[in-house]
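Just so it is clear: chains get the letters A, B, ... in the order the sequence lines come, proteins before strands, and each one is counted from 1.
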Amino acid sequence: MMDRISSGVDGLDKMLRGGLIPGRPYIVTGPSGSGKSILAMHFILDGLRGGEACMLVALDEPPSEIKVNMATFGWNLDQLTTLDATPDIKAHKKKNIIDVGTSLDVRGMEAVQDVRKSSQLRTLEVTVHSVQKMIKQSSRDLRERSKTQYTRVVIDSMSALKRFSLKGEDVRILVQSFLRFLSELEVTTLLVSNPLDPSTIDSEFLLSRGEILLHKWIDGNNVRRAISIERMRGTAFDDRLRPLTIGPQGITVFPNATITARGELSHSIDRPFLEARSADDVNARLDEVLASLEAVQAVEGETSVAEAALFRAMVAMNRKRYEEAVRHLITARTRLSEELRLHDAARRAEAKRA
Amino acid sequence: MKIPTGVPGLDRMLHGGLIPQRPYIVSGPLGSGKTTMLMQFLLEGIAGGERALFVALDEPPNEIRANMRSFRWDIGDIEVLDANSDIRRFEPTPIVEISDEQEPLKFREVAEDIRKTPEVESHEVTVHSLQQLLKTLLRKRDYARVAIDSMSGLRYFCMRDFEEDVATQSFMRFLTEEKVTALLTVETAGETDVPPESFLARGEVRLHRVRDDSGIRRFVSIQKFKGSSHEEMIYPMEITEKGLVVQTAVAVAP
């Protein structure tokens, strides 16, 4: 059994068979208002109570607001280091824009008062790189000052961090490097993330070692909440949906109670498979085209047009546009048959001459 | 001649196992059991006295080793190639591609802690360097089974946007030419997602993950298997202490 680090919520720790495996990044996701930030704060508070050094990277809400919001639960976050990475108002004039990284802005929550005002002279720019640089600087300072290290980091939110960083840089590689950086710091990280767009896989989902999903739906006049662990590497876990409440003490998870979800949770395996059938159709045609392509190549015929159509078909297929894929495959097939026909005709003519 | 996959029940679905010396993909959503399946495939090779290589792209080897402790396996003899990129340097320090002289370790020799990025230079894994490195390794050592975890990681983090299709194609082709039995994992975004790798692979084992009131339920199906007949039905699958087990007694209609 590996060491575990508490998530800060008893019921969730039970679902996790003792807590999170330390030193790894985890995703906390769910619809807006489902309690992602509150859950992340429980995780931070648990660390602070145990005297650990914790850091909050605030990208969605300024720390001043977080401080006020969390005060409603009576939580004291004074010992928390926060990195205010909410971007400044963009000055739409020609002014110096500086990286957040060059103007370190890590503070104890205690010192957080009002909203940080955008400087009149220069505005801060938030990127994955600058946030990484700040965390690095801050953790170096901490080590020199008190010979300790950060153990818990919360990024709230990963979605915002990526949004700010869209500057032609390859975000996927930046996120990979950022998570690697956190791993090497040996911190346990919660990445608050907006729900995954079902048609894409975000890099932080691919690289995170576990995923906690918060649910929220309306049932008559009531708001219902629940929590589930979607995946967790290196440990068995409770894979059922468990009810969750947000009360004056924050989040409570009921690990022994059951709840039936409604709405988007009830997946069915049938519909996707109907679509898979059309995919099979495309696949069969594709095999046909590949066979004729080989035949044409064998006689050293012209294949570039057919290959281009084949490529388009594969792209269309990958985007699940099956009809479009079939169209391109028909083009490719026709082109190849034509080529074979021409070749045959030429050969026959040659045979006749001989 | 077919070779066993190491997953109880899966060989029956494949009508006897995999045709050796070809690349196959294991596709499915995150958390569906793909990495576990790769480990079982490699362990089966080790049990038969073969050499087996795990190429780690998504997670550092120390974590994989720790994760596999929840199963009652001895993965010590599986060799692992750490293909995780270092932290990117934003300062003008040299970025070096992993060299083709990097040696795999046995899992039992993998250190408990993560390999740290050196201060002077950072190593970057690109599809080209990895392909070169694998080529050298496959020629030098007689690996019967290779597992690549994951192709998605390779696509996402080791290729540039513009080269994705061509580089993927060339990588799959390379595996075919090396005549090694390879399993490659691919993350799928939804049930209908058809990853481009599946066109190029000789077979595709698809893992399904469905949540209902009793928790997460898992299924497995064979989407494609060139040169062999196979079961068309979807079968339930469980993750036990011994790894993945396919329940071939009950099929679910597709």
Side-chain angles (χ1 to χ4, degrees), chain A residues 1-2 21 23-24 129 132-133 170 172-174 176-178 180-181 183-184 186 196-201 203 205-207 209-211 228 230-236 238-241 258 260-261 265-269 271-273 275-277 279-280 282-283 286 311 314-315 317-318 320, chain B residues 29-32 35 58-60 63-64 66-70 84-88 90 113-117 122 124 150 152-153 156-158 160-161 165 187-196 198-199 206 208-217 219 221 223-224 234 239 241 252-254:
Chain A
M1 177 85 180
M2 275 178 269
I21 298 172
R24 301 180 174 188
H129 171 212
Q132 180 174 320
K133 224 152 112 186
D170 198 331
R172 300 190 299 203
I173 292 177
L174 287 182
Q176 181 207 27
S177 169
F178 183 60
R180 173 82 188 184
F181 163 75
S183 283
E184 289 192 19
E186 291 166 23
L196 190 60
D197 167 357
S199 66
T200 58
I201 302 162
S203 358
F205 280 78
L206 187 65
L207 292 167
R209 314 298 197 251
E211 192 178 323
S228 62
E230 292 300 302
R231 57 195 173 83
M232 201 53 65
R233 296 234 178 207
T235 176
D238 173 12
D239 63 3
R240 291 183 75 154
L241 195 66
T258 54
T260 303
L265 255 185
S266 39
H267 293 300
S268 97
I269 204 166
R271 195 191 53 81
F273 265 79
E275 285 188 47
R277 289 245 172 88
D280 282 346
V282 179
N283 257 327
L286 190 63
F311 184 72
M314 284 171 72
V315 171
M317 173 106 186
N318 194 28
K320 300 188 195 71
Chain B
L30 292 165
S32 56
T35 305
D58 288 358
E59 275 176 303
E63 284 190 28
I64 299 167
N67 291 343
M68 292 302 148
R69 283 202 193 109
S70 48
N84 283 264
S85 282
D86 281 339
I87 301 169
R88 233 167 205 236
F90 293 96
D113 24 327
I114 193 167
R115 169 178 60 82
K116 295 278 168 78
T117 302
S122 58
E124 189 165 70
S150 67
S152 310
Y156 271 50
F157 311 122
C158 309
R160 293 274 160 201
D161 287 347
D165 290 294
E187 315 290 338
T188 51
E191 282 279 333
T192 54
D193 191 13
V194 180
S198 70
F199 294 114
R206 173 68 67 103
H208 311 264
R209 181 181 172 286
V210 183
R211 176 175 280 289
D212 66 11
D213 284 341
S214 66
I216 298 169
R217 298 208 292 150
F219 301 89
S221 62
Q223 300 290 90
K224 163 179 173 178
I234 304 172
I239 301 186
E241 276 184 353
V252 187

- Query: Can we say B:Arg211 and A:Asp239 salt-bridge, meaning some charged N sits less than 4.0 Å from an Asp/Glu carboxylate O?
  - Reply: no
- Query: Hey, which of B:Ser85, B:Ser70, B:Gly31 has the most heavy atom pairs under 4.5 Å with chain A?
  - Reply: B:Ser85
- Query: Do you know the tightest heavy-atom contact between B:Phe199 and B:Lys224?
  - Reply: O-NZ, 3.2 Å
- Query: Side chain, backbone, both or neither: which part of B:Thr188 has a heavy atom under 4.5 Å from chain A?
  - Reply: backbone
- Who wins among A:Arg231, A:Arg240, A:Met314, A:Glu184 for the most heavy-atom pairs under 4.5 Å with chain B? A:Glu184
- Note on the structure: Bottom line for A:Leu286: the part with an atom under 4.5 Å from chain B's heavy atoms is side chain
- Message: Could you check whether B:Gln223 and B:Ser198, counting side-chain N and O atoms only, form a donor-acceptor pair closer than 3.5 Å?
- Response: no
- Query: Is there side-chain contact between B:Pro60 and A:Arg180, with at least one heavy-atom pair below 4.5 Å?
  - Reply: yes
- Of B:Asp58, B:Ile87, B:Thr35, B:Asn84, the largest count of non-hydrogen pairs under 4.5 angstrom with chain A goes to B:Ile87
- Task: Before accepting this row, confirm whether a basic side-chain N of the pair B:Glu63/A:Arg233 lies closer than 4.0 Å to the acidic partner's carboxylate O.
- Result: no
- B:Ser221 and B:Ile234 have their tightest heavy-atom pair at CB-CG1, 4.0 Å
- Contacting moiety of B:Ile114, where chain A heavy atoms sit under 4.5 Å: side chain
- Toward chain B, the part of A:Phe311 with a non-hydrogen atom under 4.5 Å: side chain
- Query: B:Asp86 versus chain A, heavy atoms under 4.5 Å apart: side chain, backbone, both or neither?
  - Reply: both
- Please indicate whether B:Arg115 has more than 12 foreign heavy atoms, meaning atoms of other residues, nucleotides or ligands, lying under 6.0 Å from its CZ. yes
- Message: Heavy-atom cut-off 4.5 Å, strictly under: side chain, backbone, both or neither for B:Pro29 against chain A?
- Response: neither
